[in-house]
Amino acid sequence: MSDEGEESDSGERAHLSGSPSPPLSVCPPEGSPSSPRPLDLCSSTSPLLVDTDPPCRSTPACIHPSPETGEQVDSPKFTPPNFNQRTGDTGSAFRLREDLRLDAVHVCYDESFPKWRGGAAKADRFQHHGQRLHRAPELSDYGNHCSSESINPEFNSETRHQQTIEAMHRRHTTLREKGRRQAVRGPAYMFNERGSPLTAEEERFMEAAEYGNIPVVRKMLEESKTLNFNCVDYMGQNALQLAVGNEHLEVTELLLKKDGLARIGDGLLLAISKGYVRIVEAILANPAFSGGLRLALSPLEQEMRDDDFFAYDEDGTRFSHDVTPIILAAHCQEYEIVHILLSKGARIERPHDYFCKCAVCLEKQKEDSFSHSRSRMNAYKGLASAAYLSLSSEDPVLTALELSNELARLANIETEFKNDYRKLSMQCKDFVVGVLDLCRNTEEVEAILNGDVDQCPPSPYNRPCLSRVKLAIKYEVKKFVAHPNCQQQLLTIWYENLPGLRQQSVGVKCWTVLGVTIGLPFLAIAYWIMPCSKLGQILRSPFMKFVAHAISFTIFLGLLVINASDRFEGVKNLPNETITDHPRQVFRVKTTQFSWTEMLIMKWVLGMIWSECKEIWSDGPREYIMHLWNVLDFGMLSIFAASFTARFMAFLKASKAQQFVDMHIPDEDLSNASLPEEVAYFTYARNKWRPSDPQIISEGLYAIAVVLSFSRIAYILPANESFGPLQISLGRTVKDIFKFMVIFIMVFVAFMIGMFNLYSYYLGAKYNPAFTT
């Protein structure tokens, strides 16, 4: 290689001594003739050019040989070379690297290693710590590199002092740079005992790639026949990884042009993790990614391909073996890189169900259950990423809502990763709320709340379907429903066809409710006759519907109170008395008749049953049962229906008994008449009724239905901002009370059994004379 080419390499390193020293001398091995050529201190093959300062550089055995090594040979004085005189790219970062130091003044050969560190076997340990050692035969080329910088035998004290100051300055600068590199790379590389020695050519190549020396990299790739461009350093990184890690795009492009380049996948993952978009584009343009197959497979899955696309040793890659490029880009929230990978066909495969029993899942679970769980976690982290949700899905709101529900379910199944799954579920919910935050007008809010209009069933009266709001309520995404943009849109729909009422005061709204209460029967008839009129449109608004239903249910509760008002002061007849309107009347005919309030209650119940049937028809049985208030309404109405049915059956049997009396009993007073047992039973007083009597069952069911009817008010209270939070707090308190009751019952049963075992011997004390005093 020519002198000009070597000067352009600008990657060699020389060590300058940090303290004053006697005139520099070269120590050839014992018995060998001195070299007629001056020693080139700028050569990259010189043993003086190393990264670190091993102890052998300053030992007296080298600088001042001991008597065992023979007499010191007089060495000629020389003038140190001028390291500032360089050619080539003077502005490159490679030229500015200030780690050229001259720590030793003697060239020592293999014979000196046993005296320094205990044998030639330990000399290889320097290579393991990132130090490059070179043998004596390499000195044959020293004179070919710096012909213009020969050794000057005249070396005065002033020049020597100046060189010492410069050497100390460069030494301190180099130590600072090395400290930064160690802080970035971590302390592990200092203790790495693996790796094979690099040749001088490979060292220059790796340094040029790391520091972005484009001319050197290009020249070595084009001209060198012995260069191994896939060589790795002591950290297990090759030239591509070093170039990518330092964001050298041009060097990366030069390396990617070489056939057989290894660890392209590691370079891509490294570029993605650092967010280097242009380098990612350059790597993806490599033929290795043609077809998109490499982007879909993880490093662990590509291990079977028997190539060097990814590194599988612990120092070769810093990423998990189940991470694909698209997953890593999603983890790092790199929107542009995610978009590029999606355009290349990369996708994140959704993990199988936790209870999946397919052959793939069983094999992974059997091989390493922890790695299988971590791979699922990494996949879900990528799926829950805002970058992937917003760029991969046509309806990101729907995808995020469904994914948040799935992650919340997995948090209860995989309890060891509960916190991680809950955090990802909350991340999806925050993404939906963030999308709603970005809305600028009503049209965008409606697009988010309604979702895909083509897939929604047509709602009556051209009202928005609000499918996403219903889904958010189902999955308990409270922040989405309570968002101001969502609430504003819901209030607009709530006061539909009543634009002025929303801005009115509370007094005006109360007068409106009172007017609807008084005229509700007439308004109902008018809506039934003219549903499409202006009045019908007003009554069709959600606000008027809510007021009408609330008033109707209030009237229903009033009827229940009126029906029980005749017993507020107590009943007139005692349980052992029978009171009839005339002597021939059967007593049970009088007690089983329906009053006018009970008839009205039955009509209200029939109307509510019809309304529930319509809701089941529209929503479906499964969706209907999912809501607890529907279960409460269904139970209440069912109990009312069972109560009235039992009451009606008792009335029919009493009517048959009265019909038998009218046809076959001529006596005027039934108290003295002889009646069959089945007829006489209906003349008995209440204290003689059987427990299975239909009237007794009817009264019990009616009481339960009344309690459930009044408890239904709890579903109206949350509409008020004052009573709603109190009711929610009370409900949570009741749940905690039940939990405490379980613990209390356990303790109570334990003491009860213990006391029973202790006092069971005294059970017969009252009756056995042996226990009396």
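On a predicted model such as this, the values are computed, not experimentally measured, just so you know. Numbering starts at 1 and runs along the sequence shown.
E207 contributes no side-chain N or O that, together with a main-chain N or O of R204, makes up a donor-acceptor pair within less than 3.5 Å. Under a 3.5 Å cut-off, the side chain of S224 and the backbone N or O of L221 do not form any donor-acceptor pair. S392 contributes a side-chain N or O that, together with a main-chain N or O of Y388, makes up a donor-acceptor pair within less than 3.5 Å. When atom types are taken as modelled, the side chain of H248 and the backbone of I214 share no donor-acceptor pair closer than 3.5 angstrom. Not a single donor-acceptor pair under 3.5 Å links the side chain of S371 to the backbone N or O of D368. Judged purely by atom type and a 3.5 angstrom limit, S393 has no side-chain atom pairing as donor or acceptor with the backbone of L389.
Here the side chains of F417 and R374 are in contact, with some heavy-atom distance below 4.5 Å. For the pair P325 and I327, the minimum side-chain heavy-atom distance is 4.5 Å or more. The shortest side-chain heavy-atom distance between Y380 and L403 falls under the 4.5 Å cut-off. The shortest distance between side-chain heavy atoms of L268 and F289 falls below 4.5 Å. At least one side-chain heavy atom of V277 sits under 4.5 Å from a side-chain heavy atom of I340. Between L254 and E250, the closest side-chain pair of non-hydrogen atoms is not below 4.5 Å.
Within the model, atoms CG of L240 and CG of D266 stand 9.0 Å from one another, a figure rounded to the nearest 0.5 Å. Annotation: the span from L256 atom CG to E253 atom CD amounts to 7.5 Å, rounded to 0.5 Å. Atoms CG and CD, on L383 and Q427 in that order, are 11.0 Å from each other to the nearest 0.5 Å. Separation of atoms CD1 (I264) and CD (Q241) is listed at 11.0 Å; rounding is to 0.5 Å. How far NZ of K381 is from OH of Y421: 10.0 Å, rounded to the nearest 0.5 Å. Atom CD of E367 sits about 9.5 Å away from atom NZ of K364, to the nearest 0.5 Å.
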### Task
Start with the C-alpha distance between D420 and M377, add both sets of side-chain angles, then the distance that settles side chain to side chain contact (heavy atoms under 4.5 Å, CB included), and finish with yes or no.
CA-CA 8 Å; D420 295 334; M377 178 61 64; 3.5 Å; yes

### Query
Can you check side chain to side chain contact (heavy atoms under 4.5 Å, CB included) on M220 and E201, steps first, answer last?
CA-CA 9 Å; M220 297 186 73; E201 184 181 31; 3.5 Å; yes

### Task
Apply the test side chain to side chain donor-acceptor pair (under 3.5 Å) to residues N238 and N230: give CA-CA distance (whole Å), side-chain angles for both, the deciding distance (0.1 Å), then the verdict.
CA-CA 6 Å; N238 64 355; N230 286 326; 4.6 Å; no

### Query
Can you check side chain to side chain contact (heavy atoms under 4.5 Å, CB included) on E336 and V280, steps first, answer last?
CA-CA 10 Å; E336 191 170 355; V280 171; over 6 Å; no

### Task
Please lay out, stage by stage, how E210 and N246 fare under the test side chain to side chain contact (heavy atoms under 4.5 Å, CB included).
CA-CA 7 Å; E210 182 179 3; N246 292 278; 3.6 Å; yes

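For the residue pair V217 and A209, the shortest heavy atom distance occurs at CG2-N, 3.8 Å. Of all the heavy atoms in C332 and S273, the pair that sits closest is SG-CA, 3.9 Å. The two residues A346 and I326 come nearest to each other via the heavy atoms CB-CB, 4.1 Å. Closest of all the heavy-atom pairs between K274 and G245 is CE-O, 3.6 Å. When all heavy atoms of Y335 and A387 are compared, the closest pair comes out as CE2-CA, 3.5 Å. The shortest heavy-atom contact between C231 and L198 is CB-CD2, 4.0 Å.
Heavy-atom contacts from other residues, nucleotides or ligands closer than 6.0 Å to NE2 of H339 number 12 or fewer.
With sequence neighbours left out, the side-chain hydrogen bond (donor to acceptor under 3.5 Å, both in side chains) criterion links S385 to Q333.
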